[in-house]
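Computed over heavy atoms, backbone and side chain alike; hydrogens, waters and symmetry mates excluded. All values derive from a computational prediction rather than experimental measurement.
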Amino acid sequence: MQDSFDSHCYKLMRVATVCVSVAIVAACAMTYEAPTAVAPKVSQPVKATEKAIMDAAEQVLVSDGYQITYTNGAAGIISTAPRDLHVTPEQASCGTTMGIDYLMDKRTKTTVAFGVLAENNHVSIKATIQGSYRPGDPTEDITLTCVSRGVLESQLMNQITAALAK
């Protein structure tokens with residue numbers, strides 16, 4: 001009788017240990033740390049009219065697959081709709097869990113939208129990056145706060161200035 005009781009207690013302790021281990025791992029996986037960095041301001045003087053800057057920016061954005069959602073030539077403003085784009089840790093920070101960058105996980109999806117401001121022979125670009133982590137179970141989905149590191153804006157700036165040089 002004692003052997004049966006001991007065997008039963010051993011099995012219960014083993015199940016309890018496994019359950020506690022799984023709970024600890026799940027809790028650790030959900031320790032999202034949002035980025036604390038501030039996106040850099042990407043701005044540059046150019047020798048071109050506002051109209052030429054706007055035309056070049058629209059051309060580059062559309063050729064890169066962005067949909068222009070708002071444009072105001074008089075104010076020198078262009079906005080795009082968010083576009084699916086796999087962002088790397090070098091391009092943005094979307095936070096970490098247990099010290100591991102979410103952008104390293106293939107289950108993290110990101111979208112990027114741009115705002116371009118042209119005024120007084122000057123171009124300013126702002127990227128808005130949104131991220132989501134979808135591991136498979138909807139109860140574990142996380143909306144990520146993402147901060148650009150300025151790489152995407154600099155790339156777009158280079159494309160716009162190259163288009164203006166043509």
Side-chain angles (χ1 to χ4, degrees), residues 26 28-166:
C28 289
M30 300 311 292
T31 56
Y32 173 59
E33 292 183 36
T36 56
V38 176
K41 183 175 180 174
V42 177
S43 187
Q44 178 177 320
V46 293
K47 292 185 179 184
T49 65
E50 286 181 21
K51 180 173 178 3
I53 295 169
M54 296 284 289
D55 290 345
E58 282 186 51
Q59 179 185 20
V60 169
L61 288 165
V62 170
S63 68
D64 281 352
Y66 288 92
Q67 179 183 4
I68 307 294
T69 56
Y70 178 78
T71 184
N72 183 330
I77 298 172
I78 299 173
S79 295
T80 71
R83 174 182 160 235
D84 289 342
L85 183 68
H86 177 71
V87 177
T88 66
E90 292 76 29
Q91 296 169 323
S93 173
C94 290
T96 61
T97 183
M98 298 178 3
I100 300 169
D101 196 314
Y102 272 101
L103 292 174
M104 297 297 289
D105 193 318
K106 293 180 181 172
R107 296 171 293 183
T108 299
K109 305 293 181 210
T110 52
T111 62
V112 177
F114 281 107
V116 178
L117 178 63
E119 62 181 348
N120 301 327
N121 298 328
H122 208 84
V123 180
S124 299
I125 300 174
K126 169 90 168 104
T128 302
I129 303 170
Q130 297 174 331
S132 61
Y133 177 69
R134 309 260 186 256
D137 183 356
T139 61
E140 297 175 355
D141 291 354
I142 301 173
T143 299
L144 303 172
T145 301
C146 298
V147 177
S148 175
R149 297 187 192 275
V151 174
L152 295 169
E153 293 93 333
S154 294
Q155 290 171 343
L156 181 59
M157 183 72 75
N158 291 339
Q159 291 176 293
I160 291 170
T161 55
L164 285 169
K166 291 181 182 179

Worksheet item: Between atom CD of Q59 and atom NZ of K166, what is the distance when rounded to the nearest 0.5 Å?
Response: 6.0 Å
Worksheet, complete the sentence: On a heavy-atom basis, the closest approach of I78 and A57 is CD1-CB, 3.7 Å
Worksheet item: Can you tell me if S148 uses its side chain to pair, donor with acceptor, with the backbone of A39 under 3.5 Å?
Response: no
Worksheet item: Does the D101 side chain pair with the main chain of L103, one donor and one acceptor, at a distance under 3.5 Å?
Response: yes
Fill in: Distance in Å, I68 CD1 paired with F114 CZ, rounded so as to fall on 0.5 Å steps
11.0 Å
Worksheet item: Given the rule in the side-chain contact (heavy atoms from CB on, under 4.5 Å) test, do L85 and Y66 qualify, once you have shown the distances and angles that lead to the verdict?
Response: CA-CA 11 Å; L85 183 68; Y66 288 92; 3.8 Å; yes
Response to the item:
To the nearest 0.5 Å, atom OG1 of T96 lies from atom CG of D105 at 12.5 Å
Practice prompt. Over all heavy atoms of both residues, which pair between I77 and M54 is shortest? Give the atoms and the distance, please.
Written response: O-CE, 3.4 Å
Item to complete: To the nearest 0.5 Å, tell me how far Q159 CD sits from D64 CG.
Response: 4.5 Å
Worksheet item: Looking at side-chain heavy atoms only, is the closest gap between N121 and P45 below 4.5 Å?
Response: no
Worksheet item: Heavy atoms, side chains only, cut-off 4.5 Å: are L156 and V116 in contact?
Response: yes
Worksheet item: If you take all heavy atoms of A74 and E50, which pair is closest and at what distance?
Response: O-OE1, 4.3 Å
Worksheet item: Do L152 and I129 touch side chain to side chain, with heavy atoms closer than 4.5 Å?
Response: yes
Discussion item. If we ignore hydrogens and angles and just use 3.5 Å, is the side chain of N72 paired with the main-chain N or O of A75 as donor and acceptor?
Written reply: yes
Item to complete: Work out which heavy atom in Q155 is nearest to a heavy atom in Q91; give both atom names and the distance.
Response: OE1-NE2, 4.2 Å
Worksheet item: Nearest 0.5 Å, what's the CZ-CD distance between R149 and E90?
Response: 8.0 Å
Worksheet item: Without hydrogens or angle criteria, can the side chains of T161 and Q44 be said to hold a donor-acceptor pair below 3.5 Å?
Response: no
Item to complete: Check whether any side-chain heavy atom of K109 sits under 4.5 Å from a side-chain heavy atom of D84, and report yes or no.
Response: no
Practice prompt. Give, for atom OG of S79 and atom NZ of K126, the distance between the pair rounded to the nearest 0.5 Å.
Written response: 12.0 Å
Fill in: Side-chain (T108) to main-chain (Y102) donor-acceptor, under 3.5 angstrom
yes
Worksheet entry | Residue pair T80, V112: steps toward the side-chain contact (heavy atoms from CB on, under 4.5 Å) verdict | CA-CA 9 Å; T80 71; V112 177; over 6 Å; no
Discussion item. Restricting to non-hydrogen atoms, name the atom on P135 and the atom on D141 that form the minimum distance, rounded to 0.1 Å.
Written reply: CD-OD1, 3.7 Å
Worksheet entry | Exam field: side chain E153 to backbone A127, donor-acceptor pair closer than 3.5 Å | yes
Discussion item. Under the criterion side-chain contact (heavy atoms from CB on, under 4.5 Å), I'd like the reasoning laid out for T97 against I142: C-alpha separation, chi angles, the key distance, then a yes or no.
Written reply: CA-CA 11 Å; T97 183; I142 301 173; over 6 Å; no
Response to the item:
L164 and A52 have their tightest heavy-atom pair at CD2-O, 3.4 Å
Discussion item. side-chain contact (heavy atoms from CB on, under 4.5 Å) for I125 and I160? Distances and angles first, verdict last.
Written reply: CA-CA 11 Å; I125 300 174; I160 291 170; 4.0 Å; yes
